[in-house]
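Everything on this sheet refers to the single structure shown next.
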Amino acid sequence: MERNFQLAIECAIDIGEIIISKEGFERPEDYRSVFLILGKHGVLPEDFAEKFSAAAGFRNLLVHIYEKIDLDIIEKYLVENLEDFDVFASYIVEYVEKVQK
């Protein structure tokens with residue numbers, strides 16, 4: 001479960017980095033910045049970008065401090081934030097459709 005969650009976050013980061021590169025946006029300083037840059041440039045709504053950027057921090061916990069991760073925290077995050085990945089995907093679809101026109 002932890003690994004799949006980590007991979008989902010990393011996929012979202014990768015998608016964001018591809019868009020940033022394609023559009024020539026400023027280079028992100030860290031993973032959190034990927035989402036904030038997308039918000040700044042209108043790919044994501046800024047309030048959603050700010051909220052979703054927390055996933056990057058959670059990814060870092062999963063990767064670097066995994067032995068100390070409390071399973072209750074992971075369950076809470078999944079229950080409260082899992083739908084954010086669907087929302088992120090819908091904004092990315094909107095962006096792709098807009099740039100294809």
Does A12 have any side-chain contact (heavy atoms from CB on, under 4.5 Å) partners at least two apart in sequence or in another chain, and if so, which?
-> F35, F52, F88

CD1/I19 to CD1/I92 distance, rounded to the nearest 0.5 angstrom?
-> 3.5 Å

Sequence neighbours excluded, the answer for side-chain contact (heavy atoms from CB on, under 4.5 Å) partners of L82 is L78, F85

Set of residues satisfying salt bridge (Lys or Arg N to Asp or Glu O under 4.0 Å) with respect to E29, sequence neighbours excluded = none

Sorted by first residue and then second, give each ring-ring contact (aromatic ring centres under 6.0 Å, His included) pair with at least one member in residues 9-29; sequence neighbours left out.
-> F25-H41

Between A49 and G39 the two heavy atoms that sit nearest each other are CB-CA, 3.7 Å

Just jot down the salt bridge (Lys or Arg N to Asp or Glu O under 4.0 Å) partners of E83, sequence neighbours excluded, or say none.
-> none

Answer yes if I18 and L7 sit in the same cluster of Ile, Leu, Val, Met, Phe, Trp and Tyr residues linked by side chain heavy atoms under 4.5 Å apart, and no otherwise.
-> no

Please round to the nearest 0.5 Å and tell me the distance separating atom NZ of K22 and atom CD1 of I20.
-> 13.0 Å

Side chain to side chain donor-acceptor pair (under 3.5 Å) contacts touching residues 90-99 (sequence neighbours left out) = E23-Y95

Interatomic distance, CG@L36 vs CG@D30, rounded to 0.5 Å, equals 8.0 Å

With sequence neighbours excluded, tell me which residues meet side-chain contact (heavy atoms from CB on, under 4.5 Å) with D14.
-> E17

Rounded to the nearest 0.5 Å, what's the gap from CG on L38 to OG on S53? Could you check?
-> 11.0 Å

Shortest non-hydrogen separation from I37 to P28 and the atoms involved | CD1-CA, 3.6 Å

Non-neighbouring partners of E50 that pass salt bridge (Lys or Arg N to Asp or Glu O under 4.0 Å), sequence neighbours left out | R32

Go through the structure and list residues passing side-chain contact (heavy atoms from CB on, under 4.5 Å) with K40, not counting sequence neighbours.
-> E26

Across all chains, not counting sequence neighbours, the side chain to side chain donor-acceptor pair (under 3.5 Å) partners of Q6 are E10

